[in-house]
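Counting starts at 1 for both ligands and their atoms, in listed order.
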Amino acid sequence: MTIFDTDRSGTIGFAEFAGLWKYIKDWQNVFKHFDRDRSGSIDGKELHDALAQFGYNLSPHLLVLVQKKYAGTTPAGHGAAPPGISFDRFVRACVVVKQLSESFGRLDTDRDGWIQINYDQFMETVLGLP
Ligand SMILES: [Ca+2]
Ligand SMILES: [Ca+2]
């Protein structure tokens with residue numbers, strides 16, 4: 001819950017709760033918007049459209065990796081989640097893509113798409129993810 005505990009008090013106060021609620025409402029709208037076939041989950045094409053809309057043009061290979069990492073692994077059957085990425089996993093996927101891209105952008109100061117980082121910087125970047 002650290003991303004919502006804005007004053008770092010360790011608990012979520014009312015203002016933070018209101019922010020959290022607004023945040024979830026916004027995400028629900030985003031999710032509904034991109035769940036074009038209203039299946040209740042995000043498939044590969046929908047994920048591509050969502051990330052492209054947010055300004056992240058991932059290669060097809062990376063999109064498959066994101067999909068694999070965040071799609072549900074529950075076996076098919078009665079009451080099983082629909083195939084694809086569920087709401088909470090979709091939020092997580094978007095936040096991780098955003099944070100990784102921002103971390104990269106901060107390190108790629110000359111904006112040529114390449115970075116050279118040492119072990120500490122690499123670990124800091126990865127450990128900074130939600
Ligand atoms: Ca869908
Ligand atoms: Ca660079």
I'd like the atom name of the N/O/S atom in Asp37 lying closest to the Ca ion (ligand 1). OD1
Shortest-distance N, O or S atom of Asp35 relative to the Ca ion (ligand 1): OD1
ILVMFWY cluster, Val64 and Leu51 together (side-chain gap under 4.5 Å): no
Name of the Asp108 atom (N/O/S only) found closest to the Ca ion (ligand 2): OD1
Considering just N/O/S atoms, say which atom of Asp110 is closest to the Ca ion (ligand 2). OD1
Quick check for you: with the Ca ion (ligand 2) as the vertex, what angle do O of Trp114 and OD1 of Asp112 span, to 10°? 90°
Are the side chain of [X] and the backbone of [Y] linked by a donor-acceptor contact shorter than 3.5 Å?
{"X": "Asp108", "Y": "Gly113", "result": "yes"}
{"X": "Asp35", "Y": "Gly40", "result": "yes"}
{"X": "Glu46", "Y": "Asp37", "result": "yes"}

Is Arg111 close enough to the Ca ion (ligand 2) to have an N, O or S atom under 3.0 Å? no
Check this for me: Phe54, atom CZ, are more than 12 non-hydrogen atoms of other residues, nucleotides or ligands nearer than 6.0 Å? yes
Angle, O of Ser41 through the Ca ion (ligand 1) to OG of Ser39 - 10° precision: 80°
Using 4.0 Å as the upper bound for N to carboxylate O, is an ion pair formed by Arg92 and Asp88? no
